[in-house]
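Below: the structure, in structure tokens.
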Amino acid sequence: MKIVIANESYFKYSQIICDTIEESAKVRGTGIAKRTTEYIEKRLKNGNAILALDGDKFAGFCYIEVWGHEKFVANSGLIVHPDYRGQGLAKQIKKAVFELSRKKFPDAKIFGITTGLAVMKMNYELGYKPVTFSELTDDPEFWKGCQTCKNFDILTRTETKMCLCTGMLYDPHAKKKVEEHKLNTKAFTRLKSIKENLFLKKKEK
Ligand SMILES: CC(C)(COP(=O)(O)OP(=O)(O)OC[C@H]1O[C@@H](n2cnc3c(N)ncnc32)[C@H](O)[C@@H]1OP(=O)(O)O)[C@@H](O)C(=O)NCCC(=O)NCCS
């Protein structure tokens, strides 16, 4: 398995990246925004993306998005092809994209939003902390990326204050505490179910 920093020579993978994201969104039913090939190619071209390849075969992907004049960067669009899940590949990709973000944007706060327990776990281990949406970028363009998520109406209703996703942030200038970075998964599963009850019930009324 190769983990590479993307460039234009990887454009041939943009379609399979989009298809895998779309298929996974259908299966999971929540919390994954669709992407177009143009969108993916822009991230491949500017070297702000990581690809995992098994020989020539697409295995996984994640990209960096820059917000608020480089004050914030997001690590988004993490996807592992179903054939390669459960082997620690997402962890390797996440680590690579995190290291690339730290190298290219050393002063930026790194953030992400997710409904996925796997991503929360990985972020937490990298030193991210859960935060309210008010601590993330206030760039309205960022939230536009959520328009193709099926829960977008919740985000609109709450004026981008909250949604089913949890916001997580790595602050390079925060004081480091010596502690073990292990997520309390029980608490997050409970929080997610409370949010779903609250927001999805309201939607049905
Ligand atoms: C989520 C996803 C990226 C995980 O990829 P993966 O390569 O199977 O993940 P890894 O094997 O590297 O596992 C990383 C950690 O997450 C955990 N994990 C993986 N899938 C999980 C799941 N469905 N639920 C809970 N935890 C999960 C693993 O146990 C591991 O934790 P550990 O180190 O404590 O054991 C992959 O399932 C995927 O592409 N899903 C669809 C797209 C998606 O949900 N993307 C995230 C958008 S925010």
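Atom set for the values below is all heavy atoms of this structure, side chains included, hydrogens, waters and symmetry mates excluded. What you see is a predicted model, and the numbers here were worked out from it, not measured in a lab. Counting starts at 1 for both ligands and their atoms, following the listed order.
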Checklist entry - How far apart are the C-alpha atoms of Leu89 and His81, what are their side-chain angles, what is the distance that settles it, and do they pass the side-chain contact (heavy atoms from CB on, under 4.5 Å) test? => result CA-CA 10 Å; Leu89 185 56; His81 190 279; over 6 Å; no
Checklist entry - Should we say atom CZ of Arg85 is surrounded by more than 12 heavy atoms from elsewhere, each under 6.0 Å from it? => result yes
Next on the checklist: Just checking Lys95: does its NZ atom have more than 12 heavy atoms from other residues, nucleotides or ligands closer to it than 6.0 angstrom?
Outcome noted: no
Identity of the nearest option to [atom], non-hydrogen atoms only, from [options]:
atom	options	answer
atom 48 (S) of ligand 1	Thr185, Thr114, Ile113	Thr114
atom 17 (C) of ligand 1	Gly112, Cys62, Ala118	Ala118
atom 39 (O) of ligand 1	Ile21, Val80, Leu78	Val80
atom 8 (O) of ligand 1	Gly77, Gly86, Pro82	Gly86

Next on the checklist: Does ligand 1 come near enough to Gly88 that some N or O of the ligand is less than 3.5 Å from an N or O of the residue?
Outcome noted: yes
Checklist entry - What about Ala90: any of its N or O atoms under 3.5 Å from an N or O on ligand 1? => result yes
Checklist entry - Where does Lys121 meet ligand 1, judged by heavy-atom distances below 4.0 Å: at the side chain, the backbone, both, or neither? => result side chain
Checklist entry - Applying a 4.0 Å heavy-atom criterion (strictly less than), which segment of Val119 is in contact with ligand 1: side chain, backbone, both, or neither? => result side chain
Proximal atoms of ligand 1 relative to [X] (non-hydrogen, under 4.0 Å):
X	result
Ser24	41 (C)
Ile79	39 (O), 41 (C), 42 (C)
Gln87	11 (O)

Item to check | Which residues share a ring-ring contact (aromatic ring centres under 6.0 Å, His included) with Phe188, sequence neighbours left out | outcome: none
Checklist entry - Under the ring-ring contact (aromatic ring centres under 6.0 Å, His included) test, which residues partner Phe105, sequence neighbours left out? => result none
Item to check | Six-ring centre of Tyr170, Lys129 cation under 6.0 angstrom, axis tolerance 45° | outcome: no
Checklist entry - Step by step, would you call Arg35 with Tyr63 a side-chain contact (heavy atoms from CB on, under 4.5 Å)? => result CA-CA 12 Å; Arg35 314 276 187 237; Tyr63 64 85; 3.0 Å; yes
Checklist entry - Does Gly116 come within less than 4.0 angstrom of ligand 1, counting non-hydrogen atoms of the residue? => result no
Item to check | Check: Lys94/Asn123 side-chain N/O donor and acceptor closer than 3.5 Å | outcome: yes
